[in-house]
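What follows is a short report on a single structure.
All residue numbers refer to positions in the sequence shown, counting from 1.
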Amino acid sequence: HVQLVESGGGSVQPEGSLRLSCTLSGDTSGDYCMAWFRQAPGKRREGVAAIAGDGRTDYVKGRFTISKDNANNTLYLQMNNLKPEDTAMYYCARGLLSAGRCPLASKDYDYWGQGTQVTVS
């Protein structure tokens, strides 16, 4: 099993920045995708960004940057120029590559963290 724990959420002012972290534990070997999702109250879960084992990244939000530290089994999401509409619970997740690509659909990820709240106001 793989366990994921997010941290770094909090309250920030508009145009501020925040960096989220996600630490993996357990069996972290093998090729996999990691991604950030978010969900606001009353809305469906939305993919934010994904990163493959080779470091290739896919972005949904241009103001956000996903990265990882393989040595420390940690995933990051750098969030810049935050806006009130970015307010949501943010989750990190792990899944399998599909034809060498990492999707941004919740159904393609099998391990999830507990989430960390981001509030922009």
Side-chain angles (χ1 to χ4, degrees):
H1 288 343
V2 176
Q3 299 175 17
L4 301 85
V5 179
E6 301 96 334
S7 63
S11 297
V12 297
Q13 296 182 357
E15 301 183 336
S17 297
L18 201 63
R19 189 179 77 161
L20 307 182
S21 299
C22 173
T23 300
L24 281 71
S25 62
D27 185 4
T28 60
S29 63
D31 296 328
Y32 58 88
C33 299
M34 293 197 69
W36 287 98
F37 293 81
R38 68 183 184 183
Q39 186 170 21
K43 300 179 66 176
R44 304 295 294 272
R45 191 164 298 179
E46 173 189 27
V48 177
I51 186 167
D54 63 359
R56 187 183 66 84
T57 58
D58 293 299
Y59 298 97
V60 173
K61 306 294 183 181
R63 296 172 287 109
F64 299 173
T65 301
I66 188 171
S67 62
K68 60 184 175 68
D69 182 345
N70 289 331
N72 295 317
N73 296 317
T74 303
L75 180 74
Y76 301 98
L77 183 67
Q78 180 65 47
M79 311 167 67
N80 297 323
N81 192 23
L82 286 162
K83 302 177 180 180
E85 50 264 43
D86 295 319
T87 296
M89 183 74 75
Y90 284 72
Y91 300 89
C92 66
R94 179 180 178 176
L96 299 177
L97 281 81
S98 178
R101 296 176 179 269
C102 291
L104 278 174
S106 297
K107 64 179 179 62
D108 295 310
Y109 290 81
D110 50 0
Y111 292 101
W112 293 81
Q114 84 288 349
T116 184
Q117 179 68 37
V118 173
T119 301
V120 185
S121 62

| said: Quick one, L75 with I51, criterion side chain to side chain contact (heavy atoms under 4.5 Å, CB included). Give me CA distance, side-chain angles, the key distance, then yes/no. | reply: CA-CA 9 Å; L75 180 74; I51 186 167; 3.7 Å; yes
| request: Enter the distance from E46:CD to Y90:OH here, rounded to the nearest 0.5 Å. | output: 8.0 Å
| message | If you compare all heavy atoms of G113 against all heavy atoms of Y91, which two are closest, and at what distance to 0.1 Å? | response | O-CD2, 3.6 Å
| query | Does Q114 offer a backbone N or O that forms a donor-acceptor pair with the side chain of E6 under 3.5 Å? | reply | yes
| Y111 versus L24: any side-chain heavy-atom pair under 4.5 Å? | no
| Any residue meeting side chain to side chain contact (heavy atoms under 4.5 Å, CB included) with L96, in chain and number order, not counting sequence neighbours | none
| task | Measure the OG-CH2 distance between S106 and W112 for me, rounded to the nearest 0.5 Å. | result | 4.0 Å
| message | Quick one, Q117 and T87 - any side-chain contact, counting heavy atoms below 4.5 Å? | response | yes
| Derivation of the side chain to side chain contact (heavy atoms under 4.5 Å, CB included) call for V2 and Y32 | CA-CA 12 Å; V2 176; Y32 58 88; over 6 Å; no
| query | Just how far is it from atom NZ of K68 to atom SG of C92, taken to the nearest 0.5 Å? | reply | 14.0 Å
| request: To the nearest 0.5 angstrom, please state how far the CG atom of D108 sits from the CZ atom of R94. | output: 15.0 Å
| request: Indicate yes or no: at least one non-hydrogen side-chain atom of I66 is less than 4.5 angstrom from one of M34. | output: no
| message | Looking at every heavy atom in both L20 and G9, which two are closest together, and how far apart are they? | response | CD2-N, 3.6 Å
| request: Enter the distance from E15:CD to R63:CZ here, rounded to the nearest 0.5 Å. | output: 10.5 Å
Tabulate below the donor-acceptor pairs under 3.5 Å that side-chain atoms of residues 76-85 make, not counting sequence neighbours, or state none.
from, atom 1, to, atom 2, distance (Å)
Q78, NE2, N80, OD1, 3.1
N80, OD1, S17, OG, 3.0

| What residues, two or more places apart in sequence or in another chain, satisfy ring pair (Phe, Tyr, Trp, His ring centres under 6.0 Å) together with Y109? | F37
| Is the side chain of T116 donor-acceptor paired with the backbone N or O of S7 at a distance under 3.5 Å, no angle test? | no
| note | CZ of R44 to CD of Q39, rounded to nearest 0.5 Å, is 8.5 Å
